[in-house]
Amino acid sequence: TTAIEKIPADYYLIDASGSMWGNYRDWNDIINASVKPNSRVFLSMTNGCRNGQRMMRVKPQGGTEIWWSYWYVIERMKPGETLLIVSDFQSQIPLSAHEAYWIKEKVRKAGIIVYSIRP
């Protein structure tokens with residue numbers, strides 16, 4: 001939570017998979033972290049959440065499939081904006097070298113800044 005407060009971002013992508021959160025208190029700390037006004041917060045999870053649901057009502061569960069969510073958020077950003085990803089990146093289907101290259105290129109072409117925090 002302290003690291004999140006030190007990196008203000010325009011977009012936050014939070015991994016809401018079961019592997020990320022041992023208990024409800026950890027999840028609540030993330031929700032209560034300082035998020036700069038007008039930021040957009042996205043949760044990434046394979047099930048258990050619906051679009052527009054309040055974060056406090058989401059119970060972290062399911063697998064880590066952060067890559068599709070990462071791609072989705074990048075497409076919504078403008079040059080110069082910042083994205084902070086909070087994830088353990090323990091995907092059941094790891095990225096191939098070619099897929100990792102595509103994501104790096106997409107970030108470069110979008111002209112955005114990406115940070116990540118691994119708990």
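Heavy-atom basis, side chains included; hydrogens, waters and symmetry copies ignored. The chain is numbered in sequence order, starting from 1.
You'll find the side chain of Y12 stays beyond 4.5 Å of the side chain of V86, heavy atoms only. Side-chain contact between R40 and D10 is absent, with no heavy atoms from C-beta onward closer than 4.5 Å. Contact annotation: the side chain of I113 approaches that of Y115 to within less than 4.5 Å [non-hydrogen atoms, C-beta and beyond]. Two residues are said to be in side-chain contact when any heavy atoms from C-beta on lie closer than 4.5 Å; F42 and S69 fail this criterion. Counting only heavy atoms from C-beta outward, the side chains of Y11 and I112 never approach each other to under 4.5 Å.
Each salt bridge (charged side-chain N to carboxylate O under 4.0 Å, His left out) pair with one or both residues in residues 72-99, not counting sequence neighbours, appears once here: E75-K106.
Hydrophobic cluster membership differs between Y72 and L84, with clusters built from Ile, Leu, Val, Met, Phe, Trp and Tyr side chains linked at under 4.5 angstrom. In the hydrophobic clustering of this structure, I117 groups with L43; members are Ile, Leu, Val, Met, Phe, Trp, Tyr whose side-chain heavy atoms approach within less than 4.5 Å, directly or through other members. Clustering ILVMFWY residues whenever any of their side-chain heavy atoms sit less than 4.5 angstrom apart, transitively, puts L95 in the very cluster that holds W71. Cluster membership for I66 and V41, using ILVMFWY side-chain heavy atoms within less than 4.5 angstrom, is not shared.
Atom OH of residue Y70 and atom OG of residue S44 lie 12.5 Å apart, to the nearest 0.5 angstrom. Distance check, rounded to the nearest 0.5 Å: OG of S96 to CH2 of W102 gives 7.0 Å.
Closest of all the heavy-atom pairs between T82 and P8 is CG2-O, 4.1 Å.
Evaluated for a side-chain contact (heavy atoms from CB on, under 4.5 Å) with I85, the options I14, V73, D15, L13 yield exactly one hit, L13.
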